[in-house]
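See structure below.
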Amino acid sequence: MRLDYLSIFPAYFDVLDISLVGKAAINGLVEIHAHDLRDWTHDRHRTVDDTPCGGGAGMVMKPDPWGEAFDEIIGTESDPSVHVIFPAPSGTPFTQSAAAELSSAQRIVFCCGRYEGIDHRVIDYARSMWTVHEVSLGDYVLNGGEVAALAITEAVVRLVPGFMGNPESLAEESFSAGQDGLLEYPLFTRPVSWRGLDVPEVLMSGHHGRIASWRRDESVRLTRERRPDLTDSDSSGIH
Ligand SMILES: NC(=S)c1ccno1
């Protein structure tokens with residue numbers, strides 16, 4: 001899997017070198033390429049923004065640098081196997097199932113907007129050429145798309161076959177199919193008693209059936225309490 005990041009702050013992605021994603025890059029599982037969008041400007045000030053048409057506050061990212069960057073990084077041929085991701089508050093909520101789908105992609109290009117956003121024609125052009133995902137991590141506004149691109153990278157790459165030492169650990173995580181799309185149950189380890197707080201007795205019973213039943217009940221309880229929106233989804237085991 002090749003991952004490209006287009007940003008006016010490409011140094012944001014240096015952190016990938018120290019993460020498990022960086023280890024995956026060393027192992028050849030993924031390729032990481034961060035690019036400075038200003039490399040595709042031609043004026044002395046390396047300008048990437050301009051005032052919004054129709055007025056309004058702030059600045060909008062000009063389409064030209066993006067187009068030239070696309071030409072060089074992705075090419076000028078249409079290819080639906082290339083996934084282009086625009087993180088933005090106006091995007092579709094990013095989910096574990098979206099991460100799972102993207103984990104089989106061979107190419108992902110992250111377009112990290114700044115200022116008030118990117119000229120919409122950039123997204124329209126990308127949509128005419130490749131598979132575009134306008135996604136949001138949540139109902140809040142960041143200063144740009146870089147942090148979201150890092151989070152999406154982690155969610156996707158950890159699902160790439162060969163990344164996790166023990167792929168079975170993925171099966172019991174929140175939102176996983178193995179959990180029926182429910183939130184993960186509470187976890188405990190030694191010591192059995194800590195500051196007057198004990199590990200639930202059932203987990204020390206050695207009775208696998210009772211342990212499985214307790215964990216399921218806890219997942220259902222937590223999901224009902226924290227994410228009632230998930231309790232009616234088709235993927236959840238509770239209705
Ligand atoms: N909520 C998201 S993903 C975002 C991107 C930029 N600002 O907010």
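Model, not experiment: these values are computed from the prediction. Residue indices begin at 1 and follow the sequence shown.
Using a 3.5 Å distance cut-off with no hydrogens or angles, the side chains of Thr76 and Asp71 do not pair a donor with an acceptor. A side-chain donor-acceptor contact under 3.5 Å links Glu68 and His42.
Residue Asp4 holds its CG atom at 9.5 Å from SG of Cys111, rounded to the nearest 0.5 Å. With values rounded to the nearest 0.5 angstrom, His33 atom NE2 is found 4.0 Å from Arg2 atom CZ. Note: Leu183 CG to Arg224 CZ = 12.5 Å, rounded to the nearest 0.5 Å.
Ionic pairing of Asp49 and Arg114 is not present here: no N-O contact between side-chain nitrogen and carboxylate oxygen is shorter than 4.0 angstrom. Salt-bridge check for Arg215 with Glu218: failed, with every basic side-chain N at 4.0 Å or more from each acidic carboxylate O. A salt bridge is defined here as a Lys NZ or Arg NE, NH1 or NH2 lying under 4.0 Å from an Asp or Glu carboxylate O, and Glu154 with Arg158 fails to meet this definition.
The shortest distance between side-chain heavy atoms of Asp180 and Phe175 does not fall below 4.5 Å. Between Ile85 and Pro87 there is a side-chain heavy-atom pair separated by less than 4.5 Å. Between Pro10 and Tyr5, every side-chain heavy-atom pair lies at or beyond the 4.5 Å cut-off. At least one side-chain heavy atom of Ser7 sits under 4.5 Å from a side-chain heavy atom of Phe13. Two residues are said to be in side-chain contact when any heavy atoms from C-beta on lie closer than 4.5 Å; His83 and Leu102 meet this criterion. Annotation: side chain of Val157 is not in contact with side chain of Leu29 (no heavy-atom distance under 4.5 Å). No side-chain heavy atom of Val60 sits under 4.5 Å from any side-chain heavy atom of Asp50. A heavy-atom distance below 4.5 Å is not found between the side chains of Lys23 and Val21.
Listed here is the closest heavy atom pair of Arg107 and Ile74: NH1-CA, 3.9 Å. Residues Thr131 and Pro80 share a closest heavy-atom pair of OG1-O, 2.5 Å. The shortest heavy-atom contact between Ser219 and Glu184 is OG-C, 3.9 Å. Between Ala148 and Leu137, the closest heavy-atom pair is CA-CD1, 3.5 Å. For the pair Leu203 and Phe188, the tightest heavy-atom approach, listed with the atom from each and the gap, is CD1-CD1, 3.5 Å. Contact record, Ile211 with Val202: CG1-O, 3.2 Å, taken as the closest heavy-atom pair.
Checked by atom type and distance alone, the side chain of Ser193 never pairs as donor or acceptor with a backbone atom of Gly196 at under 3.5 Å. Judged by distance alone, the side chain of Ser78 and the main-chain N or O of Met129 form a donor-acceptor pair under 3.5 Å. Under a 3.5 Å cut-off, the side chain of Arg38 and the backbone N or O of Arg46 do form a donor-acceptor pair. A donor-acceptor pair under 3.5 Å is absent between the side-chain atoms of Ser213 and the main chain of Gly209, judged by distance alone.
For CD of Glu201, the number of neighbouring non-hydrogen atoms (other residues, nucleotides, ligands) closer than 6.0 Å is 12 at most. Dense packing is recorded around CZ of Arg127, with more than 12 heavy atoms of other residues, nucleotides or ligands lying under 6.0 Å away. Counting heavy atoms of neighbouring residues, nucleotides and ligands inside a 6.0 Å radius, atom NE2 of His208 does not exceed 12 of them. In this structure, Asn27 places its CG atom where more than 12 heavy-atom neighbours from other residues, nucleotides or ligands lie under 6.0 Å away. In this structure, Asp139 places its CG atom where only 12 or fewer heavy-atom neighbours from other residues, nucleotides or ligands lie under 6.0 Å away. The number of heavy-atom neighbours closer than 6.0 Å to CZ of Arg210, taken from other residues, nucleotides and ligands shown, is 12 or below.
Hydrophobic cluster membership is shared by Tyr140 and Ile152, with clusters built from Ile, Leu, Val, Met, Phe, Trp and Tyr side chains linked at under 4.5 angstrom. At a threshold of 4.5 Å between side-chain heavy atoms, the hydrophobic network of Ile, Leu, Val, Met, Phe, Trp and Tyr places Val199 and Tyr185 in two separate groups.
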Assess whether side chain to side chain contact (heavy atoms under 4.5 Å, CB included) is satisfied between Trp130 and Asp79, documenting all intermediate values. CA-CA 5 Å; Trp130 307 296; Asp79 181 353; 4.2 Å; yes

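Classified by interplanar angle (parallel below 30°, tilted 30° to 60°, perpendicular above 60°), the ring pair Trp66/Phe86 is tilted.
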